[in-house]
Amino acid sequence: MIDAVIDTAPRRPNPFTFGSGFDLAGKDRTGWARAALLTALGVDRGTVMADYLASNVYRKAENEATLAQLPPAQAAVYKPLLNVRAEYLNASFDEVEQAYGSFDAYLKDGLGLDRHDVRELRRALLTG
């Protein structure tokens, strides 16, 4: 089922809807894919956001090392591109709402997942 989510990306126009063309280290694509998957699984938005923002903790040392190699003025420009911020994920969810009307419609029309697919995904990845 994960393959279905990944495989639909190239065939659909912009199914992973978030704005920036600056995706250093893949954190934006990965962050959105994780957030979309967790949301599809029924995880509440607060938990999805906490998971997304945890990237700042996990990538802190690497980001600081990258920024330390740059002149201060350049580091100030790059820092927002290396970190994730709540407004980045919120903008992605806003775009889904605007483009598809709801997250469920995004799953169906953007990713090509029907109710059966989502149930199968939940059965495969959730416990209890």
Side-chain angles (χ1 to χ4, degrees):
M1 187 50 50
I2 296 297
D3 291 340
V5 174
I6 293 167
D7 288 346
T8 59
R11 289 180 275 147
R12 297 224 177 349
N14 197 19
F16 293 96
T17 53
F18 50 90
S20 173
F22 301 100
D23 186 8
L24 302 176
K27 65 167 176 55
D28 297 316
R29 290 172 299 215
T30 303
W32 175 247
R34 287 175 62 102
L37 177 60
L38 290 172
T39 302
L41 293 174
V43 175
D44 68 273
R45 184 69 59 87
T47 302
V48 171
M49 183 63 74
D51 179 76
Y52 176 76
L53 293 174
S55 291
N56 289 329
V57 175
Y58 300 131
R59 296 190 47 81
K60 184 177 181 178
E62 184 178 345
N63 289 350
E64 286 176 353
T66 298
L67 294 172
Q69 296 175 24
L70 301 173
Q74 199 173 13
V77 171
Y78 277 97
K79 185 173 181 168
L81 301 175
L82 294 175
N83 290 328
V84 297
R85 296 181 179 178
E87 57 263 31
Y88 300 166
L89 185 58
N90 286 334
S92 297
F93 279 114
D94 290 347
E95 180 65 22
V96 163
E97 190 72 27
Q98 182 178 353
Y100 296 95
S102 70
F103 193 83
D104 288 338
Y106 169 69
L107 291 175
K108 182 179 179 282
D109 300 330
L111 298 179
L113 300 175
D114 62 22
R115 289 181 185 170
H116 173 77
D117 294 328
V118 173
R119 270 195 311 272
E120 191 177 315
L121 189 62
R122 288 177 178 172
R123 185 174 49 242
L125 298 177
L126 296 175
T127 61

**Item:** Non-hydrogen atoms of Pro80 and Ala76 that approach each other most closely
**Value:**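 The pair with the smallest heavy-atom distance is CD-O, 3.3 Å.
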Is there side-chain contact between [X] and [Y], with at least one heavy-atom pair below 4.5 Å?
| X | Y | value |
| --- | --- | --- |
| Tyr88 | Tyr52 | yes |
| Glu97 | Phe93 | no |
| Arg119 | Arg122 | no |
| Asn83 | Asn63 | yes |
| Lys108 | Asp114 | no |

**Message:** Are more than 12 heavy atoms, taken from residues, nucleotides or ligands other than Glu87, located less than 6.0 Å from that residue's CD atom?
**Reply:**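 Correct, the count exceeds 12.
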Holding to side chain to side chain contact (heavy atoms under 4.5 Å, CB included), I want the full list of residues that pass it with [X], two or more places apart in sequence or in another chain.
| X | answer |
| --- | --- |
| Ser102 | Asp104, Ala105 |
| Ala75 | Leu67, Leu70 |
| Ala54 | Tyr58 |
| Glu64 | Lys60 |

Can you give me every donor-acceptor pair (side chain of residues 34-48, partner residue at least two apart or in another chain, under 3.5 Å) with its distance?
from, atom 1, to, atom 2, distance (Å)
Arg34, NE, Asp51, OD2, 3.0
Arg34, NH2, Asp51, OD1, 2.6
Arg34, NH2, Asp51, OD2, 3.0
Thr39, OG1, Ala35, O, 2.7
Asp44, OD1, Thr47, OG1, 2.8
Asp44, OD2, Gly46, N, 3.1
Asp44, OD2, Thr47, N, 3.0
Asp44, OD2, Thr47, OG1, 3.2

**Asked** Can you pull the salt bridge (Lys or Arg N to Asp or Glu O under 4.0 Å) pairs that have at least one residue in residues 71-82, sequence neighbours excluded?
**Response**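 Every candidate salt bridge (Lys or Arg N to Asp or Glu O under 4.0 Å) pair involving residues 71-82 fails, so no pair, neighbours aside, qualifies.
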**Prompt:** Can you tell me how far CE of Met49 sits from CG of Asn90, rounded to the nearest 0.5 angstrom?
**Reply:**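 The CG atom of Asn90 sits 4.0 Å away from the CE atom of Met49.
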**Spacing of CH2 belonging to Trp32 relative to CG belonging to Leu89, to within rounding of 0.5 Å** =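 Going from CH2 on Trp32 over to CG on Leu89, the span is 6.5 Å.
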